[in-house]
Amino acid sequence: MSFLGFGKREPTLAEKMAAAEQELEMITDMFNRLTRSCHNKCIPTDYKEADLNKGESVCLDRCVSKFFDVNIKVSEAMQSQSQAMRGAQGSSGFGA
Amino acid sequence: MSFLGFGKREPTLAEKMAAAEQELEMITDMFNRLTRSCHNKCIPTDYKEADLNKGESVCLDRCVSKFFDVNIKVSEAMQSQSQAMRGAQGSSGFGA
Amino acid sequence: MSFLGFGKREPTLAEKMAAAEQELEMITDMFNRLTRSCHNKCIPTDYKEADLNKGESVCLDRCVSKFFDVNIKVSEAMQSQSQAMRGAQGSSGFGA
Amino acid sequence: MDSLSSSEQREFQSVLEKRQTRDMMQFYSNLVQRCFDDCINDFTSKALSTKEETCVSRCVDKFIKTSDRLGQRFAEQNQAMMQGGGAGGAGAGFGGR
Amino acid sequence: MDSLSSSEQREFQSVLEKRQTRDMMQFYSNLVQRCFDDCINDFTSKALSTKEETCVSRCVDKFIKTSDRLGQRFAEQNQAMMQGGGAGGAGAGFGGR
Amino acid sequence: MDSLSSSEQREFQSVLEKRQTRDMMQFYSNLVQRCFDDCINDFTSKALSTKEETCVSRCVDKFIKTSDRLGQRFAEQNQAMMQGGGAGGAGAGFGGR
């Protein structure tokens, strides 16, 4: 990034793209974690067959549903604690 | 990165370096995963001695060999499915 | 980054910030690993209560202390081997 | 994202493509590690046995089918959350503007 | 860090803020995964049972308290190492110039 | 990589050096975590016992030797794949142009 004042446009784009990229990274990370967890819980490691059987399929579907439910519950719990945490962190930031 | 058209040179370098860096990151990641897996499979956790004994050494060598074999088999399996996956993903990309 | 010679200022800042950011990344990573390890060793997974009891609290404190002790021991061991490793790696770097 | 100029869209598209490549590489590496860890436990030889080859082949197929199914359900759940006007997608409660 | 100009400090502050956001997101994801892995093991239904909801609620509280306590002890230990003139902080023996 | 100018080579060298530093830091962190997880399981005191110190010392030596041996075999296998004209190195089937 340049400090020589090429205009307002670059920071705006950088901010927009950084936010969108961070959102995408969060969702990708969440999907990867969900995949690891649900694979561990629903798929046996002996691999007797190459296809998903009915029990594994239903387990995977319910696993995703419950993962989202836990996501919501955690989100709600952190929302209620969020102000306190940010307040605590704010005072330890680097000064100007 | 600059949008003001400093010339073809910068994008070319960026593309070359991005590809090389991504290749390097893939290989590093693969080596780290191999290390974790083979350490888990070949090295007991009681650490009776500081050196690798004969059995551990041979196990590690064979572990690397088999890891590469699995790598090839996965590579071949994904090559055959790769067109279908890219087709499915292509239609959900962001529009121009 | 620009190749057109906008001055010494940009590389200097980039180097400073890269070093500081890398230091911060190392500390964050170390804290995350410590959290995972100490959580695994000190907190049972049945969650009979929402608060930390006395035993869990003391375990966590000692866990942090021992994690730092291991950190120091590893640091010392690597210092003594560091020259040999860098020498071995140096000869395999990309040529000019 | 509708207020981006054409050059901005081009750069964002490039970021997305890099990310898709990176995600495919990570999927590939996860697949290799998962199937190696689950199928390979015998080191009395340095080549894969027939039993190991069969296991890896099934593991690869099953992992891809598992990931596809999870991806579909994940997208459905994400969409339902966004439409429901609740906390938003999996990460929308946190993050950018 | 004291030799930075005001524009350099502004950019470094921006890097720090991005990092703090990323760290909070990672904390959040770690928390979700930890409580899901520990509390959810029954897939005979697609909604959380009361027992699972209680477990997740306690898990969240305990995880946050655990992380707070570890953070405090970590900071104390880091500080003690820096003041002791030894190997420096957790990472000070490596990195930087 | 042979078609890079001298300034391009300098920048690529800088990227490589950052990466090597990052890789050494990651190796170090992996080593700390591995030896901590395997050797430290008793929290009735806050200082390391002699038994724990011995275990960590051996663990560090063994981890480094293990990583060296794996690195050598990994390089040999990578090289053999490239020379064999097959799928290429561990990642050459994916990525790049």
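We name chains A, B, ... by the order of the sequence lines, and we start the count at 1 in each one.
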(message) Which atoms of Asp23(E) are under 4.5 Å from chain A, going by heavy atoms: the side chain, the backbone, both sets, or neither?
(response) neither
(request) Go through the atoms of Ser45(E) and report whether side chain, backbone, both or neither lie under 4.5 Å from a heavy atom of chain A. (result)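 Both backbone and side chain.
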Could you give the distance from [atom1] ([X]) to [atom2] ([Y]), rounded to the nearest 0.5 Å?
X        : Y        : atom1 : atom2 : answer
Ser49(E) : Lys66(A) : OG    : NZ    : 5.5 Å
Arg33(A) : Gln33(E) : CZ    : CD    : 5.0 Å
Glu52(E) : Asp69(A) : CD    : CG    : 9.0 Å
Ile40(E) : Arg62(A) : CD1   : CZ    : 14.0 Å
Ile27(A) : Ser29(E) : CD1   : OG    : 11.0 Å

(message) Ring of Phe36(E), cation from Lys41(A) - is the NZ or CZ under 6.0 Å from the centre and inside 45° of the axis?
(response)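 Flagged: Lys41(A) positioned over aromatic ring of Phe36(E).
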(request) Indicate yes or no for a side-chain donor-acceptor contact from Ser65(A) to the backbone of Lys46(E) under 3.5 Å, with no hydrogens or angles considered. (result)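 Side chain of Ser65(A) to backbone of Lys46(E), a donor-acceptor pair under 3.5 Å: yes, one is there.
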(request) Please determine, among Val56(E), Leu48(E), Asp61(E), the option with the most heavy-atom pairs under 4.5 Å with chain A. (result)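 Result: the option with the highest number of such pairs is Leu48(E).
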(request) Verify the distance criterion only: is there a donor paired with an acceptor across the side chains of Asp29(A) and Tyr28(E) at less than 3.5 Å? (result) no
(request) Evaluate the side-chain proximity of Thr21(E) to Gln22(A): yes if any heavy-atom separation is below 4.5 Å, no if none is. (result)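 Yes; the side chains approach each other to less than 4.5 Å.
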(request) Begin from the C-alpha positions of Cys35(E) and Lys73(A) and carry the test side chain to side chain contact (heavy atoms under 4.5 Å, CB included) through to its verdict. (result) CA-CA 10 Å; Cys35(E) 296; Lys73(A) 282 189 73 69; over 6 Å; no
(message) Less than 4.0 angstrom from a charged side-chain N to a carboxylate O is my criterion; do Arg22(E) and Glu25(A) meet it?
(response)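 A salt bridge is absent here (no side-chain N lies under 4.0 Å from a carboxylate O).
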